[in-house]
Every structure is written in structure tokens, then in C-alpha cells.
Amino acid sequence: MKKIIRQLILDAAQKAFENNEFNSNGFAEFTIEEPKADAHGDLSTNFAMVNAKTQKMAPRKIAEILISYIGNNHPVIEKTGIAGPGFINFFILPAAWYPVLSDIYEKDTKYGFSDMGKGQKVQVEFVSANPTGPLHVGHGRGAIVGDSAASLLSACGYDVHREYYINDAGKQIQTLGLSVFLRCKQIDGLTVDFPEECYQGDYIHDIASELKEEKGNWIYSVSEDEAVAFCSKFAADRMIIKIRTVLNTLGISFDNWYSEQALVDSGKVESVINKFRDQQLIYEKDDALWFKTEDFGDEKDRVVVRNNGQATYFASDIAYHQDKLDRGFDRIIDVWGADHHGYIPRIRASITASGKNEKQFVVILTQLVNLLRKGVPVSMGKRSGQFITLQEVIDEVGKDAVRFIFLTRNYESPLDFDLEVAKQKNNDNPVYYVQYVHARISSIIKKAREENQIDEKQIGKKQIMDIRFDEKAVAMIREPEEIQLIKHLARYPETLISGAEFMEPHRIAFYLMDLAADFHAYYNKHRVLTEDPDLTAGRLYLIFAVQKVIRNGLTLLGVSAPDSM
RNA sequence: GCGCCUGUAGCUCAGCUGGAUAGAGCAACGGACUUCUAAUCCGUAGGUCGCAGGUUCGAGUCCUGCCAGGCGUACCA
């Protein structure tokens, strides 16, 4: 609809210019939006105001001329008006909204999708938590935001690739192995000194038990270094399996799990360091190798190889991001926790330094999550190993609620996640509010079938076709609440586009809550199943469309759309 | 100290990247189930948009400076 109005304005403006009523046809960019007040019509444009300069005329004068060229006989326009400082308001004929419904039936599960991305290759890397411990709610937020952003991009015509980067190299993994090795010894009754820097959580003990079961006393038959190395690999593999399992329960899967160790083994880390060294972007100081990130906007230069010869995490990360771009992605998106934000300038520096366009690299920073129970913070002491895992949170409140809660906030805002609130099934927890719409509509379908208001053939595709072309039935849709619903449905495609453009999945969640509110209000005021077959058919036609959009939106957010609740 | 994020109703949060009288849920108060699911709806009340300037036809939104909270500022990841 906005497109139609936009074209209408442009055509009228052009005509006005050709008739010398406008001074210029270099029109400024204008917007079309939905006014908050009904008195301001269905759609409104600021065309006259933003063009005051290009036309050297008063906004209201411009509006008058434009309206005279738009006229009143356009098929979708009921009337137009000028208001305030120069807004032009459009009142749309109710029947002009009906094609939105047939569009929804035609596109069905793809309604709202677009080709905005034009097939561009985009990679979204998210979670990428170290396999040294279980995921917590903070990881959950990144996982859900990343996954939904990826879905959104995919719906908007991008070729999306989901990737998890496994930090399975380096000191932390050694520490993990040592922790498991020591726990193994303890299991065998040996007294050991368990250092504070080792991982304290119970899960280490569990892994040690598993290892003992599989390998018995084998670890004592080899050197301690070899044993610890084995423990590292064993533990990391187990942790990855657990991480993968939790993510699967959230409905998240990846196209690729990328191993840091494999990256190192491939020699890519070494070769990228050598390359930058040749280009004198890496230099030696105090027996360490430094990357000149400061030349590219970072606060200071950063170490890539320590004076003990060990490469830093940054070194592999440089190689990793080079590799991503080498794989041909037009855009690479990293989803990180806000505590990593200091890391952005150095990665960006490494990308710029290699001659790539830094705009191809985008970071989504999700702010931290405060886990609460009844308003009281739940202790998240990492050192003690006493913390609530993501798995436990999902078990307690359910996957749909967890996902939706994370998606009803802008990821840039810190988030209070209250376990008790998340469990409630009221409007403090809007996932049920939205799902209830879907269930209610399913229930109406069921009821209609029982009462033979629609017969079996009408439940399938045939029924939809029958109703769609039944103009008599569609024409019965004319209550203000019904037109309101259709207008809302018409906004879905542009909601997806803006959501994908800004990579803000929460826009979809809020859209769904608003649509749900409109539906519940309608449901309480009007009956769908009536004595009048045409009226009933028309209303069924409308609410099926609502159900389709609710389902599409929930699917995009990874939330189920139940038929009964 | 410097950098990033946040500050909107008692609480949790939106505000469509500058538009018209700042919105929703929860909590409070008052109503609506012989009806397609009351996990719902309708109504009332609730605000110096952290503070102060600036930019312009117009600012919650953009700029500057303060205030408060969070995070970061390693040869950790």
C-alpha cells in the first residue's frame, strides 16, 4: 500500500512540475508512515515539508498543489487532507485492503519474504563459546539473537551460513585437560592438589568419570603430558556434544563447526603472520610479535605471538577472519557478548590491514543478562562453578518462553531474566499471548468443521481457493477491527525488511504482540462463526490469514505455533 | 582517566534510524464467561523521556557538556 501511495505522490509531483506549478523535479526524500491518530488517515507523508526548500514554497502550498494533482478518483483513495505544518493524509478505501489477504494466501509460508539481499553471501558466527564449560544464559542470548537474525536475513533473500567457532586450541583447553586429569586421579583415591585456575564445576567430575569408564587406567600408562593432552581432547569433545545438544533444544543448528585447532594445523595462522610480517604490519619488540593495530584505529598495538613463542587467541582470530573473507562471504557478522567489545577495533584493524573493506565486518554485541529469581540476583560465581546453566533454564521455563523473552528486548539493552516471571503464563510473558492467537484460530477452525460450517474439503487448499474468489464473502469484511487487522497484516513484509536491515529480530516479536492484541480485541468483540454463511466465510478468510502471519513470524523467531494450549 | 552500552509510567520494556496529543504489558482500581479457549477483552489512573545547552518548521530520536549504572581497558579468552 505504501508503494502505491508513493508512486501516486511521485506521479502527481511530476505532473505538477511539467505544468510549471512546481519549481523543481529534484524532490527530496520523503517518508510515508501510519499516523497514530485515526483522524490523520491511514497513511501520511511529509513530502510537502521536506520539499519546502527544493520548491522554495511553503509546505501547505506544496501540499495543496500536490493534492490537486492526485485527485479523488484513484481506486484506493477515499479522500485526502492537509493537516498540521503540512502533512498530507491519505484515507484508504476499506475494500482496497482486501488484496493483502489474497497475497497472504498465495505466498503462504513465504508471505513477507523479499529479495532484498539479492542472494548475497552472509555468514553469521555466533555462540562460539569455549568448550571448557556449559553454556549459561548469556550464551543463550547470543545464540537466540544470532539464530533469529540469521533466519531474518535468510527470509530477506540473503544466502546465510551459520557457523560456530570452536576455541579448541590454546591454554584454556590444556587447563581443561589438566582439570579432568586431576579429577581422574581423585576418583582413584589419589590425593592431588587441585589448583584454583582449574575448572571447579561438577561437570569436570562427570567427564572424568566417563573417561575412567572408557579408558580405565590407561592414562597412567603414558606420560602425564600425553595423558593431559588426551584428557583435553576427550573433554572438549564431550563439551561440544553437550553444547550442541543444548542448542538443538533451542532449535539452533549450524552449517559448520569451525575448529581453531584445525585452523592452526592448516598453517593458515602461521602464514598470515608471515604475510603481515613481510608487509611490516607485524614487528618484534620485547621478544614478542606485535600487530600494528594502532595504525588502524585501535588504542594500542596488540601481541600476536608471546615472548614464550605461543600465539595468542588474537593470532588465530586474524587468520580466522581472513579465512572467512577468503571463503567469499560478502558480509561476515560476529555475535559477541558485550564484554568482548574491546576486541572489535583489533579485528577490524586486521581486516583493514589486509586491504579488505571493513564494512564487510559487522559485530552484534549482545548486552549482559542478569539472571534473577523473584527479583533477587542468582549468583553466577564462575570460579566456584556454582551457576545455573542454560540447559537448566530451558528445562525450567521452556524453549519457547526462553527464546521469546530474549527476543522481546533490543539486544543492546541489558536484560533482567527473572526465572519466576519467565515461568508465568500471563502477559508478563507474552509468548503465550501470541501463541494463544494461533491456538484460538485453530480452535475456531475445529469448531467450524464440527458445525459443518465448512466441510472437509474446505479445510485443505481447496477451501482457501473457494473463499478467496468468493467476492461476496470477502465483501463482508468491513468492521473497523477487521480492516485494522488487515492493515496490520500489510505491515508484516516491511517489518521483516527493517528487521533484517538492522538485524534486530525484536522488531518481529513486537510486531507479533501488536498483531495478537488486535486479534484478541477483535475476537472478544465479534463472532467469527455466525448464522450468515457469507459473513462466516469472510471472517474465516480473514482469521486464517492472521493465523498464517502469526505462524510465519513465530517460525522466524524459532518459536512453535501450537494448535491448542 | 579513556572507550563502548544503557538511562522513557511504581516495575519490565517499545518508540518504525527527525514528525502531529510519548505507547504496551505487569502491578493498582472498576467492569465482561448460558457464547468460536477468560493464557482473553473493556475502562480508570499513572510522565519535567537522567540533567543542561545546541541544531530546525518540528527533538525521546541528531550534536556538545555534565550526572548515574553496567562492561571493557593483559604477552586471558
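Note on naming: letters A, B, ... go to the chains in the order of the sequence lines (proteins, then strands), and numbering restarts at 1 for each one. Just so it is clear, the structure is predicted and the values come from calculations on it, not from any experiment.
Enclosure of atom NZ in A/K423 by more than 12 non-hydrogen atoms of other residues, nucleotides or ligands within 6.0 angstrom is indicated. Enclosure of atom NZ in A/K399 by more than 12 non-hydrogen atoms of other residues, nucleotides or ligands within 6.0 angstrom is indicated.
The nucleotide whose nearest atom lies closest to any side-chain atom of A/R527 is, among B/U40, B/C57, B/U35, B/U35. Looking at the side chain of A/L365, the nearest of the listed nucleotides B/C4, B/A77, B/C36 is B/C4. Distance from the side chain of A/D286 is smallest for B/C75 among the nucleotides B/C75, B/A77, B/A20. Distance from the side chain of A/H340 is smallest to B/A77 among B/U40, B/A77, B/C36. Closest contact between the side chain of A/V303 and the listed nucleotides B/A20, B/G19, B/C75 involves B/C75.
Looking at heavy-atom distances under 4.0 Å, A/K300 makes contact with sugar-phosphate atoms alone, never a base. A/H438 comes within 4.0 angstrom of no nucleic acid atom, judged by non-hydrogen atoms across all strands. Contacts of A/Y523 with the nucleic acid, taken as non-hydrogen atoms under 4.0 Å apart, include base atoms. No engagement by A/T495 is indicated, since no non-hydrogen atom pair under 4.0 Å with the nucleic acid exists. Within 4.0 Å (heavy atoms only), A/A288 reaches at least one base atom of the nucleic acid. Residue contacts shown for A/A52 are absent, as no nucleic acid heavy atom lies under 4.0 Å away. At a threshold of 4.0 angstrom between heavy atoms, the contacts of A/D518 with the nucleic acid are absent.
The side chain to side chain donor-acceptor pair (under 3.5 Å) pairs that include a residue from residues 406-418 of chain A are A/N370-A/D416, where partners are two or more places apart or lie in different chains.
Taking for each of A/K2 and A/N130 the nucleotide of RNA chain B with the nearest heavy atom, the 5'-most of the two is the partner of A/K2. Comparing A/K36 and A/Y313 against RNA chain B, the residue whose closest nucleotide sits nearer the 5' end is A/K36.
The distance between atom NZ of A/K425 and atom C1' of B/A38, rounded to the nearest whole Å, is 16 Å. Taking atom CZ of A/F502 as the reference point, atom C1' of B/U17 lies 5 Å away to the nearest angstrom. As a whole-Å value, the separation of A/L368 CG from B/C5 C1' is 10 Å. What separates CD of A/Q367 from P of B/G72 is a distance of 11 Å, to the nearest Å.
For A/R373, the side-chain hydrogen bond (donor to acceptor under 3.5 Å, both in side chains) partners two or more places apart in sequence, or in a different chain, are A/E396, A/E420. A/E479 is linked by a salt bridge (Lys or Arg N to Asp or Glu O under 4.0 Å) to A/R539, counting only residues two or more places apart in sequence or in another chain.
The aromatic ring of A/F87 is stacked on the base of B/A20, with the two ring centres less than 5.5 Å apart and the planes inclined by under 30°.
For A/H488 and A/Y511, the gap between ring centers is short of 6.0 Å.
One finds no salt bridge joining A/R346 and A/D301 here, because no Lys/Arg side-chain nitrogen approaches an Asp/Glu carboxylate oxygen to under 4.0 Å.
Below the 3.5 angstrom threshold, one finds no donor paired with an acceptor across the side chain of A/N46 and the base of B/A20.
Rounded to the nearest Å, the gap between the P atom of B/G43 and that of B/U48 is 24 Å. A distance of about 15 Å separates the P atoms of B/A20 and B/C49, rounded to the whole Å. Across B/U40 and B/U55, the matching C1' atoms stand 47 Å from one another, rounded to whole Å. Comparing the same atom, P, in B/G54 and in B/G15 gives a spacing of 28 Å after rounding to whole Å.
Taking syn as a glycosidic angle within 90° of 0, B/C67 does not qualify and is anti.
Helical stems of RNA chain B (runs of at least 3 Watson-Crick or G-U pairs, donor-acceptor distances under 3.5 Å) are listed by first residue: B:1-7 with B:67-73, B:10-13 with B:23-26, B:28-32 with B:40-44, B:50-54 with B:62-66.
Cation-pi geometry between A/R440 and A/Y523 is satisfied (NZ or CZ under 6.0 Å from the ring centre, within 45° of the ring normal).
Between A/Y522 and B/C36, a side-chain N or O to OP1/OP2 separation shorter than 4.0 Å is absent.
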Could you write out each protein N or O paired with an N or O of nucleotides 1-3 of chain B at a distance under 3.5 Å?
residue: B/G3; atom: N2; partner: A/H341; partner atom: NE2; Å: 2.4

Under-3.5 Å N/O pairs linking protein and nucleotides 7-14 of chain B:
residue: B/U12; atom: O2'; partner: A/R409; partner atom: NH2; Å: 2.8
residue: B/C13; atom: OP1; partner: A/D416; partner atom: N; Å: 3.3
residue: B/A14; atom: OP1; partner: A/N410; partner atom: N; Å: 2.5

